[in-house]
**Student:** 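Quick one: the structure is below, questions incoming.
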Amino acid sequence: MAIDSDVLVVGGGLAGITAAIAASREGADVRLVSHKASTLRQASGLIDGLGYVPATEPAKPLREGPPTAGRNLDPDEWPDPEGPLAEPYAGIDSLPEEHPYRLVGADALRDGLALFDDLVGDAYVGGHTDRNALVPTFGGGVKPTARYPESVAAGLASDDRPMLIVGFRSLTEYDARAFADRLEASGVPFDVAGVEVEFAEAFRADAKITRFAKALDRNEPVDGTPAREALAKAVAPHLHDVVDDDGNVDRVERVGFPAFLGDDEAAAVRADLADRLGADVFEIPMGPPSLPGLRLEDRLYDALDAEGVRFETGIPVVDYETDADGRIQHLLLNRKGSKIPYGADAVVLATGGLVGKGLDSDREGVREPVLDLHVPQPSDRYEWFVDDAFGEQPYARFGVRPDERLRALDENGAVAYGNVWVAGAVVGGADVAREKSASGVSLATGLVAGQEAAREVRQ
Amino acid sequence: MDDQVDVVVVGGGSTGCGVIRDLARRGLDAVLVEKGNLTHGTTGRMHGLLHSGGRYAVSDQKSARECIEENRVLRDIAGHCVEETGGMFVKRPEDSEEYFQEKLEGCRACDIPAEVIDGEEARRREPYLARDVEKAIVVPDGAVDPFRLCVANAADAREHGARVETHAEVTDVLVEDDEVVGIEIEHDTGPGKRVHREPGTTEEIRARYVVNATGAWAGQIGEMAGVDVEVRPSKGVMTVMNTRQVDTVVNRCRPKGDADIVVPHETACILGTTDEEVDDPEDYPEEEWEVDLMIETLSELVPALKDARTLRSFWGVRPLYEPPGTGTDDPTDITRDYFLLDHNERDDLPGMTSIVGGKLTTYRMMAESITDHVCEKLDHDADCDTADAPLPGSEDFSVLRDYMDEFGLRSPVGRRSAQRLGSRADEVLKGSDPNPVVCECEGVTRAEVQDAIDGAGSDLNAVRLRTRASMGNCQGGFCTHRIAAELTQEYPGGVTRDAEDELYQERWKGQRHALWGRQLSQAMLNHMLHATTMNRDGDLATTDADVDFGAFDAGPDGTVGGGTGADDAASGVTATDGGHDGDR
Amino acid sequence: MTRDTGHDDGDERHGTNNTDESTEGSSHSDGVVRTDGGSDIESDDRTATDGGVESVTGGSDSTELDPDAYDPIDVFPEGELDLRDGADSCYKCTSCDTSCPVAEVDDEFPGPKFQGPEQWRLKRKEDADIDESITSCSNCMRCDDACPSSVPLSQMHNEARGQFVEEQMEKLSVEYVRNRILANYRTSARLASIVPRLSTYAMNFGPARWVMDKTLGIPKEREFPEFATTTFREWWRDRGGAQVSNPDKRVAYFHGCYSNYNTPEVGKAMVRVYEHFGYEVMVPPQKCSGTPMFANGMLKDARRHAVTNVENLIEAIGEGADVIASCTSCSMSLRQEYPELFDIHGIEDVSDHTFEALEYLRIHEDLTGALEEASPGDERSYAYHAPCHARNQGLSRQAVETFRDVDGVTMEDVGDSCSGISGTYGWKSEKYEKSMEIGEEMFHHMEDAEGEVGMTECPTCAMQMEHGTGYEIEHPLQLLEDTLVA
């Protein structure tokens with residue numbers, strides 16, 4: 001017998017979770033399945049809405065024909081992006097027509113962010129305004145984002161209080177001095193200094209970020225001193241390192257650390273450090289492994305549990321069966337060797353993009369591997385890219401094209417299967433990296449796809 | 001400038017580096033100039049085969065004999081640059097038996113140790129070989145790291161008093177009274193190490209003799225001196241696989257052809273190659289069919305290649321030369337031999353000799369013969385010892401020591417580091433505390449990166465070539481910023497940022513040719529990391545955007561300086577990028 | 001990619017076959033084969049994990065290559081599995097490291113990414129040495145679940161550990177001897193259960209424990225599990241075997257060592273619940289699933305046991321049965337590690353037909369319907385911990401979702417942390433503290449939970465839960481029995 005639900009959501013990332021909860025709140029019986037643990041743990045934990053409208057021309061190599069050796073890039077040939085946008089909704093109309101935001105509209109983004117605010121409660125900040133925040137991240141630059149973890153709040157770039165950036169010699173992700181230099185070069189309205197201190201050095205050089213978080217969570221002794229105290233002691237001598245334009249010492253009012261300040265006990269760790277330093281403490285969002293991403297994942301899965309959504313991870317969809325009308329009747333999931341049918345009236349595909357493996361490719365082309373949905377693409381793979389790594393990369397916009405209700409479309413523009421909705425990175429048309437829109441696209445499309453799928457079931 | 005040196009060598013490839021070492025060891029005052037990094041031209045763009053001579057055993061036995069002779073020399077003097085992988089010529093059922101026998105006889109005629117094994121034995125040694133491989137000839141091919149080899153030659157030359165200038169492009173060859181008397185160069189960022197944002201300078205170097213060792217670029221230098229050097233540049237593709245499918249060099253045993261060799265190189269395998277004449281050694285098409293051909297054809301030998309991960313492809317240009325009047329159409333027919341063109345004899349222009357043709361394996365022999373030639377010109381009497389004196393890094397070389405215990409390195413990291421550093425391992429690895437791994441894919445630690453920065457300045461591509469950092473799976477996605485951060489100790493932020501962008505873009509170039517499957521996923525992940533999280537594409541420190549910080553969210557309390565309203569223009573700050581305008 | 005590690009399977013297999021199992025087992029042999037073939041369930045013909053190399057077509061000169069031109073199975077005749085190509089799938093995202101419970105507490109452990117794809121990629125064929133830190137991996141396999149690219153992490157770890165133990169570990173060292181004893185739990189348990197009370201007492205006797213700690217490195221803080229006075233198999237024999245005969249619904253029960261020797265009540269619950277649903281239960285002869293041996297790099301031992309298990313289970317499958325395990329590590333081993341590490345005839349079939357006990361009922365029976373009206377009779381609150389090995393099988397939520405709507409039952413998930421014991425990991429003195437540090441989060445969450453009884457599918461997790469909180473721990477099958485059968 002099949003395992004049945006009204007709405008079956010495939011994919012356990014932000015879009016899948018949003019779709020599942022949105023559908024559940026519409027009254028549907030929802031089940032979420034995912035092949036692997038969520039890739040949220042790779043993400044910085046920032047929830048972007050829309051930060052830039054990147055230039056979309058030229059979308060071709062600078063010169064006709066194949067790439068040539070020795071061609072030097074001239075960045076001046078590329079128009080600058082529009083941004084950073086102080087407000088995410090304003091830029092939506094400037095995006096290309098097939099962009100998911102254009103399909104679902106600004107309200108979907110607004111509602112998606114509102115749902116997110118509701119799910120995460122006070123763990124995130126940003127819901128008080130329509131504006132983007134500029135947040136320093138581990139490269140040392142600032143980026144626009146719509147919501148940020150509470151742990152990041154004291155680091156905003158529009159805040160003019162003097163800032164100290166802390167780095168560790170055994171941590172290679174950034175050098176705090178270069179970090180501060182980049183912030184200054186970015187023209188931030190505050191004075192800043194960077195300092196490399198000893199703390200992480202007490203651990204073996206290849207210790208993981210999660211190790212530091214755990215040590216701070218448990219306040220383990222580090223060379224005999226409790227971890228939080230040891231960290232504060234290492235930083236304390238530098239609280240007067242910041243010097244203003246006139247050469248006067250500017251007492252540090254906020255201190256930024258790599259985002260490893262605890263996992264389960266993160267708030268207590270920060271409070272303890274802030275207390276000891278007499279300054280606000282904030283985390284700098286990092287690349288993977290990302291504690292803020294991990295914390296967000298935990299919180300969202302708790303929300304999924306609380307909303308009554310059933311979910312299973314560790315089992316991939318390997319096949320599907322359709323009914324006489326061509327609608328998806330069952331998805332077949334591989335439970336370590338056996339294909340088990342999961343029945344559903346509606347399917348939401350939120351399997352991710354090239355990173356999450358919701359899109360697959362070989363030298364011949366790019367595919368959507370679960371339902372073989374149509375993925376528009378240039379037939380020649382040498383037209384999938386341009387020469388500037390940060391240019392208008394066609395590959396970055398690969399994905400399934402849906403209608404405005406987010407039903408997947410086939411190559412003729414007709415609705416595929418009839419009961420398949422798509423959400424998140426599997427949806428094409430956005431360059432979420434350059435737009436700083438990844439989470440927003442997942443929230444907006446997840447919300448709409450979940451609601452639409454549930455409404456379809458109710459009919 | 002009155003200072004006149006004995007010899008200036010133009011070109012920092014294997015030939016130029018070999019020549020400067022030989023000249024210096026013979027006591028001549030010499031300068032090497034190279035417009036890019038060492039190996040920038042052709043040397044750094046080859047598959048890294050240390051020839052046994054087997055490949056030439058039928059078509060060009062003179063070259064074959066030279067190869068095996070020099071192969072033996074390099075194992076002795078450059079142990080830390082060579083991996084003694086061994087090699088084989090494998091025969092598939094459709095390959096000619098007659099040619100197989102010719103190859104075997106050719107090897108024997110040239111004193112190349114050659115042994116025939118059957119298909120089963122071949123697969124026992126290389127399990128990924130296709131099951132229908134019939135048999136193979138085993139020869140002493142090896143893998144050589146061309147960059148390490150050139151750096152070691154240059155380092156030895158320096159120790160013997162020579163000057164080596166990279167990123168120093170020749171802008172003119174000085175001819176006075178119908179004689180070459182020196183060159184004019186332009187230092188990209190001033191003499192010495194390359195450091196971003198330092199202003200360029202020009203310099204005149206007068207010399208008693210000029211050696212043009214620029215390979216495929218020899219015609220351009222010749223032109224500056226007013227002589228014709230008819231090099232016929234021929235391009236070839238090399239496709240880099242993520243892992244080693246084979247641990248020995250696998251050659252296809254058939255007459256000349258494209259896509260007939262797989263060379264294990266460090267952590268990767270390199271597939272080669274094509275042979276197509278091009279007009280300009282710096283501007284030629286890098287084509288899709290070439291990459292496809294490597295994978296399709298070589299998977300006949302090693303089927304796993306078909307689905308294995310490709311990291312990138314790069315192209316090199318062979319400096320082929322044929323004496324006037326030979327009239328060969330197909331570049332594969334052009335000899336791989338080398339030629340000394342004495343411009344005095346040839347063009348009545350004394351003071352300069354060009355060296356063209358040849359191959360990496362015999363670089364030392366070529367260097368010896370041109371150094372002999374120069375010594376004769378300068379009437380300088382000294383013997384060559386480059387075949388006996390080990391290169392720096394290869395003295396008393398042993399990788400068997402336990403670096404894990406000594407330097408706290410994990411065993412594969414320690415082993416690879418020691419292999420790269422050779423006898424310098426102690427000196428380099430003890431240098432940094434703490435010593436975290438900076439490039440995880442290739443197991444490169446901070447100590448090695450810092451050592452490379454000492455030698456290469458802020459040029460992270462040179463650091464990459466010295467250490468292999470950023471040459472693994474992620475192609476710099478996870479380490480470009482880490483390597484750049486290592487510059488902070490010595491250089492200001494702007495230099496770090498430029499160096500970071502340059503390395504990232506360089507890594508992207510090669511990946512474009514591998515942009516499908518797993519490398520496409522990697523590219524997207526890298527894009528997400530660098531554009532989404534780091535906002536490198538919109539970096540306010542390098543773009544011209546004027547940002548009103550006051551227009552952005554300053555927190556829910558609204559108590560802080562930026563304010564919460566767009567009208568709060570007082571605190572709107574315009575980006576003043578600290579004088580680093582137009583970085584990108 | 002599969003292969004055959006062992007060369008020495010023969011003798012010991014035949015030796016032990018004559019002892020307990022073949023005499024007490026009640027394997028059915030009425031020869032009836034299930035006819036409907038389980039209409040919804042298709043066996044998945046999985047290809048080798050190196051995907052599709054067989055399909056290579058020729059290039060310029062050759063026509064299509066022989067499809068057998070490349071067969072990964074006998075690629076490594078020496079028995080060493082070369083997993084360097086497994087590094088191809090890694091895009092370095094570090095999700096595996098983030099999920100590693102050992103790296104959180106032990107900075108000497110470099111994490112699964114290093115141990116797996118990085119170490120393998122940096123390795124060369126002739127390199128013998130594996131970094132010693134591989135022995136700190138507890139084989140919880142959470143990295144497998146975390147990896148979005150399906151890098152065969154635990155397979156790489158298992159293989160590296162096997163090579164380390166085989167080639168680098170001093171065979172007479174105390175550590176080796178201790179690990180071998182821990183890995184071969186079944187052997188000690190079988191001996192102990194002959195005189196169970198004495199064994200429980202003797203093994204937990206103070207001075208004896210001090211000696212074990214000092215000489216073998218088995219931490220004195222740990223209490224050896226109690227040995228049942230009647231093993232599951234003895235009970236099964238005494239009750240006369242199966243009490244339901246049904247050629248259309250058959251299952252072969254893989255009880256594993258622990259349900260047999262220590263917690264026969266779980267095995268009994270399995271039998272009663274399955275019989276309640278009309279299944280004919282078979283209990284074929286069986287040995288250790290291999291889980292503790294993989295974790296200790298004793299691949300040859302594991303293979304020897306696997307040969308017996310596969311032989312007997314394949315026979316039951318031939319008689320129409322699916323294989324049911326009540327321990328999530330046993331089901332994990334049969335489903336994943338077996339085909340990854342060994343090339344034994346029929347091993348893929350066993351993998352495809354194996355299920356966990358609750359999972360199987362949720363797929364094949366209307367469990368929700370059956371539980372709708374049912375209740376265990378009294379109010380019960382459980383603090384449920386999902387074992388790490390349940391994750392990759394999609395089982396981490398099954399107990400919560402099955403029971404949360406049952407009358408009188410409160411089932412609280414205590415979160416996704418690892419219990420820290422990981423089979424034999426927590427049984428080593430040098431790892432004991434780390435094991436408890438890993439478990440700390442779970443202990444806290446259990447204490448925060450309303451329930452005073454713990455629940456999990458894994459016997460060693462249960463041990464750790466009990467050790468850390470003093471709670472009594474149950475298996476979901478026991479609650480199912482109380483709710484449906486009693």
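Since we're looking at a predicted model, the values are computed, not measured. Order of the sequence lines fixes the chain letters, A, B, ..., with proteins taken first and strands second; residue numbering starts at 1 for each chain.
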**Student:** Measure distances from B:Val278 to the heavy atoms of chain A and classify the residue's part below 4.5 Å as side chain, backbone, both or neither.
**Tutor:**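 Neither part.
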**Student:** Tell me, side chain or backbone of A:Val125 under 4.5 Å from chain B's heavy atoms, or both, or neither?
**Tutor:**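 Only the side chain of A:Val125 comes within 4.5 Å of chain B.
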**Student:** With chain B as the partner, which of A:Ser290, A:Ala433, A:Ala438, A:Gly139 has the greatest number of non-hydrogen pairs under 4.5 Å?
**Tutor:** A:Ala433
**Student:** Please check if the side chain of A:Tyr52 supplies one atom and the backbone of B:Gly538 the other of a donor-acceptor pair under 3.5 Å.
**Tutor:**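 Side chain of A:Tyr52 to backbone of B:Gly538: a pair is present.
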**Student:** Side chain to side chain donor-acceptor pair (under 3.5 Å) with B:Asp553: which of A:Arg131, A:His128, A:Arg147?
**Tutor:** A:His128
**Student:** Is there a donor-acceptor pair closer than 3.5 Å between any side-chain N or O of A:Lys143 and the backbone N or O of B:Thr532?
**Tutor:** yes
**Student:** Using non-hydrogen atoms only, which part of B:Arg446 is less than 4.5 Å away from chain A: side chain, backbone, both, or neither?
**Tutor:** side chain
**Student:** B:Ala514 versus chain A, heavy atoms under 4.5 Å apart: side chain, backbone, both or neither?
**Tutor:**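 For B:Ala514, neither part sits under 4.5 Å from chain A.
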**Student:** Quick check on side-chain contact (heavy atoms from CB on, under 4.5 Å): which of B:Val438, B:Thr445, B:Val437 does A:Thr172 satisfy it with?
**Tutor:**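 With A:Thr172 as partner, side-chain contact (heavy atoms from CB on, under 4.5 Å) holds for just one option, B:Val438.
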**Student:** In terms of heavy-atom proximity below 4.5 Å to chain A, should B:Pro434 be classed as side chain, backbone, both, or neither?
**Tutor:** side chain
**Student:** So for B:Gln519, is it side chain, backbone, both, or neither that comes closer than 4.5 Å to the heavy atoms of chain A?
**Tutor:**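 No part of it gets close to chain A.
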**Student:** What part of A:Val135 is in contact with chain B, defined as an atom under 4.5 angstrom from a non-hydrogen atom: side chain, backbone, both or neither?
**Tutor:**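 Contact with chain B is absent: no heavy atom of A:Val135 under 4.5 Å.
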**Student:** Does A:Phe390 reach the side chain of B:Trp508, with side-chain heavy atoms less than 4.5 Å apart?
**Tutor:**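 They are not in contact (no side-chain heavy atoms under 4.5 Å apart), so the answer is no.
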**Student:** Measure distances from B:Ile295 to the heavy atoms of chain A and classify the residue's part below 4.5 Å as side chain, backbone, both or neither.
**Tutor:**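 Only the side chain of B:Ile295 comes within 4.5 Å of chain A.
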**Student:** Looking at A:Arg182 and B:Asp539, does any basic side-chain N land under 4.0 Å from a carboxylate oxygen?
**Tutor:** yes
**Student:** For B:His513 and A:Phe385, take the angle between the two ring planes, folded into 0 to 90°, and tell me which bin it lands in: parallel under 30, tilted 30 to 60, perpendicular over 60.
**Tutor:**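 Aromatic pair B:His513/A:Phe385 classed perpendicular.
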**Student:** Quick test of your reading of the model: are A:Asp360 and B:Arg518 salt-bridged, counting only N-O distances below 4.0 Å?
**Tutor:**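 Looking at A:Asp360 and B:Arg518, the cut-off is not met.
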**Student:** So, do B:Arg410 and A:Arg204 sit near enough that their side-chain heavy atoms are less than 4.5 Å apart?
**Tutor:** yes
**Student:** Without swapping roles, check the side chain of A:Thr137 against the backbone of B:Thr533 for a donor-acceptor pair under 3.5 Å.
**Tutor:**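 Yes: the side chain of A:Thr137 pairs with the backbone of B:Thr533.
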**Student:** Could you tell me which portion of A:Leu85 (side chain, backbone, both or neither) has an atom closer than 4.5 angstrom to a non-hydrogen atom of chain B?
**Tutor:** backbone
**Student:** Heavy-atom distance under 4.5 Å to chain B: side chain of A:Phe190, backbone, both or neither?
**Tutor:** neither
**Student:** Identify which of A:Asp380, A:Leu359, A:Asp130 forms the greatest number of heavy-atom pairs closer than 4.5 Å to chain B.
**Tutor:** A:Asp380
**Student:** Could you tell me whether a side-chain N or O of A:Ser158 sits under 3.5 Å from a main-chain N or O of B:Phe549, the two making a donor and an acceptor?
**Tutor:** yes
